[in-house]
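Each remark here refers to the structure printed beneath this line.
Just so it is clear: chains get the letters A, B, ... in the order the sequence lines come, proteins before strands, and each one is counted from 1.
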Amino acid sequence: MLDVRRVRTELEVLKAGLARKGADPTELDRVAELDRRRRELGDRRDSVRARINAISKEVGRLRRSGDDEEAEARMAESRSFGDEEKALAAEADEVGAELRDLLLRIPNVPADDAPDGAGEHDNVVVRHGGPDPDAYGEHQRVPHWDVGASLGILDLERGAKVAGSMFPMYRGAGARLLRALTSWALDRHADAFEEVRPPSLVRSATMVASGQLPKFADDAYHLERDDLWAIPTAEVPLTSLGAGEILAEGDLPVRLTAATPCYRREAGSAGRDTRGLIRVHEFDKVEILAYTTPEQAPAMHAELLERAEALVVELGLAYRIIDICTGDLGQSHARSFDIEVYAPGSELWLEVSSVSWFGDYQARRADLRYRRDADARIDHVHTLNGSALAWPRIWAALVEAGRQPDATVVLPEVLAPWLGGATTIGSPR
RNA sequence: GGAGGGAUGGCAGAGCGGCCGAAUGCGGAGGUCUUGAAAACCUCUGGGCGCAAGCCCCGCGGGUUCGAAUCCCGCUCCCUCCGCCA
């Protein structure tokens, strides 16, 4: 969430930021108003409390010196402030809660250098890499759901039988390919990132910390009986891993990686991209995430993007990197780069990674701070994260791009160690 | 799931309802001493809001009281035992 103090001192700057995102800037006027009222009520409450505290101390002194009569008088005096204190406290709490609820729903402001734009169509392609998307042959122009079905490595019908549509079932070499991708990616990050295996069900507070709640409750699976949420990304537990803690500056940057299942209801996109693996309710993903000082953040953003890009390069896929414009930025994001790979059979660019910088927006929600070496001041960390990578769409692109004229599928050499040395799926027809 | 015990500052560990934001020890920072270091000694050493006065925080949330770390209720988490179980 945004820093209320900035709302007080840089209201217009923040409003301009929200406007760039296409969000309603007038919400901040309401924040400023609630903040004023909360502080005013708090001040009044505190001065009444100061009176009560002083009198109560006096009562203690009088009691000890045996002057019970005067003590009684002071107790009565203190009692007379009770109702006022209660009323002011209740009102201050109410305004405070309203302020917090509002603040939790207001998006982050975009970074200055994020490109302006109203929506998806204004995103900027930064660069292309890998093979020429137009150079794929006719044998590669078969969608992955057909390739997967004929090779027996993707069983969407059985997935639907067991759990419903958009719950894919991978089989045989298809399942093993997923396992290989996860192992390969985790190993590729092992040089600098601590591997974590976090819970995939989390509390509401954890979902609030990274920004999924309260606004996007409909997008997530909720286990009502236990009041737990199925994580939509490892970002959720990894961001909260340090919640409520104060780290030493020397601990930063903290680099974490995790492979987890991800669950998304896709409530807002019913009927879209329903074929194959392009949009599914459950998928596996390897995430890389960091806590940094504000100074370290830009370099870390570049590092995460390089890592995600390196994986796509090693897989030999055609890809492009997109600088997300202000109007398309997620609620918590200040700056994001997406990596899209080209799937020649589906003839689609598929988003397989989103590498984002959140500033202190999540850290404030999570109360995740660090102590600066220079002056021992305590400040919020910056959080950054990226997928490296999301596997179903990679799986789809690999299967389509790897398809040979003889209908077998050849997989990238880099995966061989995790595939028992075999990089071909199926036998020639 | 059942029974019991516990939660205090970076850690350990005190804390009759008032003089407790909290003893003491350790750890950490600075200083004295020393050629240097160790030892010894001295000082400092939680967080939040606020310009300040002041207010709040002893797991979290309520309550009792003039006054709560201390009493009461609910919750969460941890530990022990039993049950169940990958």
Okay, side chain of [X], backbone of [Y]: is any donor-acceptor separation there less than 3.5 Å?
| X | Y | answer |
| --- | --- | --- |
| A/Asp187 | A/Trp184 | no |
| A/Lys21 | A/Ala118 | no |
| A/Asp122 | A/Cys325 | no |
| A/Ser240 | A/Pro237 | no |

Exercise answer: donor-acceptor pairs, residues 159-174 of chain A side-chain atoms, under 3.5 Å, sequence neighbours excluded:
from     : atom 1 : to       : atom 2 : distance (Å)
A/Arg171 : NH1    : A/Asp155 : OD2    : 2.8

Rounded [atom1] spacing from [N] to [M] in Å:
| N | M | atom1 | value |
| --- | --- | --- | --- |
| B/rC75 | B/rU43 | C1' | 43 Å |
| B/rG59 | B/rG10 | P | 13 Å |
| B/rG17 | B/rC72 | C1' | 13 Å |
| B/rG46 | B/rA69 | C1' | 15 Å |
| B/rC73 | B/rG5 | P | 13 Å |
| B/rA68 | B/rC58 | P | 11 Å |
| B/rC41 | B/rU34 | C1' | 14 Å |
| B/rG13 | B/rG31 | C1' | 28 Å |

Tell me: [atom1] of [X] to [atom2] of [N], nearest whole Å?
| X | N | atom1 | atom2 | result |
| --- | --- | --- | --- | --- |
| A/Asp93 | B/rC55 | CG | P | 17 Å |
| A/Asp375 | B/rA29 | CG | C1' | 15 Å |
| A/Lys57 | B/rG67 | NZ | C1' | 10 Å |
| A/Glu249 | B/rG28 | CD | C1' | 17 Å |
| A/Asp373 | B/rG28 | CG | P | 16 Å |
| A/Asp367 | B/rC60 | CG | P | 13 Å |
| A/Arg45 | B/rG50 | CZ | C1' | 11 Å |
| A/Ile52 | B/rG17 | CD1 | C1' | 17 Å |

Touch class at under 4.0 angstrom, heavy-atom based, for A/Arg44 against every strand present: nothing
Sugar-phosphate only, base, or nothing, as touched by A/Arg49 at under 4.0 Å among non-hydrogen atoms: sugar-phosphate
Aromatic ring pairing A/His281/A/Tyr221, orientation class (parallel under 30°, perpendicular over 60°, tilted between): perpendicular
Contact under 4.0 Å: A/Asn53 side-chain N or O vs B/rC56 OP1/OP2: yes
Selection: residues 75-85 of chain A, any non-hydrogen atom under 4.0 Å of RNA chain B: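 Correct list: A/Met75, A/Ser78, A/Arg79.
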Any residue of residues 62-69 of chain A with a heavy atom less than 4.0 Å from an atom of RNA chain B: A/Arg63, A/Arg64
Please tabulate the protein-to-nucleotide N/O contacts below 3.5 Å involving nucleotides 68-72 of chain B, giving atom names and distances.
none

Qualifying residues under ring-ring contact (aromatic ring centres under 6.0 Å, His included), relative to A/Trp357, sequence neighbours excluded: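 By the ring-ring contact (aromatic ring centres under 6.0 Å, His included) rule, A/Trp357 matches A/His382.
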From CA spacing to verdict: salt bridge (Lys or Arg N to Asp or Glu O under 4.0 Å), A/Glu40, A/Arg36: CA-CA 6 Å; A/Glu40 201 238 298; A/Arg36 257 191 303 276; over 6 Å; no
Note, A/Leu41 side chain near A/Val95 side chain (heavy atom, < 4.5 Å): yes
Donor on one side chain, acceptor on other, A/Glu287 and A/Thr260, under 3.5 Å: no
Side chains of A/Tyr370 and A/Glu245, donor plus acceptor under 3.5 Å: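 A/Glu245 and A/Tyr370 do not have a side-chain donor-acceptor pair below 3.5 Å.
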Closest-nucleotide 5' rank along RNA chain B - winner of A/Arg74 and A/Ala54: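 Upstream on the strand: A/Ala54.
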Between A/His333 and A/Phe358, ring centroids under 6.0 Å: yes
Across all strands shown, which nucleotide pairs with [N] by Watson-Crick or G-U wobble geometry, both distances under 3.5 Å?
| N | value |
| --- | --- |
| B/rA40 | B/rU32 |
| B/rA12 | B/rU24 |
| B/rG4 | B/rC79 |

Considering only nitrogen or oxygen atoms on both sides, find all protein atoms under 3.5 Å from nucleotides 43-49 of chain B and state each distance.
from   : atom 1 : to       : atom 2 : distance (Å)
B/rG47 : OP1    : A/Arg371 : NH1    : 2.9
B/rG47 : O3'    : A/Arg369 : NH1    : 3.4
B/rG48 : OP1    : A/Arg369 : NH1    : 3.4
B/rC49 : OP1    : A/Arg5   : NH1    : 3.1
B/rC49 : OP1    : A/Arg5   : NH2    : 3.4

Check ion pair A/Glu77-A/Arg74 (N to O, under 4.0 angstrom): yes
Ion pair check, A/Arg45 and A/Asp43, cut-off under 4.0 Å: no
Among A/Asp112, A/Asp323, A/Asn108, side chain to side chain contact (heavy atoms under 4.5 Å, CB included) partner for A/Arg335: A/Asp323
side-chain hydrogen bond (donor to acceptor under 3.5 Å, both in side chains) evaluation trace for A/Ser210 with A/Gln212: CA-CA 6 Å; A/Ser210 34; A/Gln212 284 72 25; 2.8 Å; yes
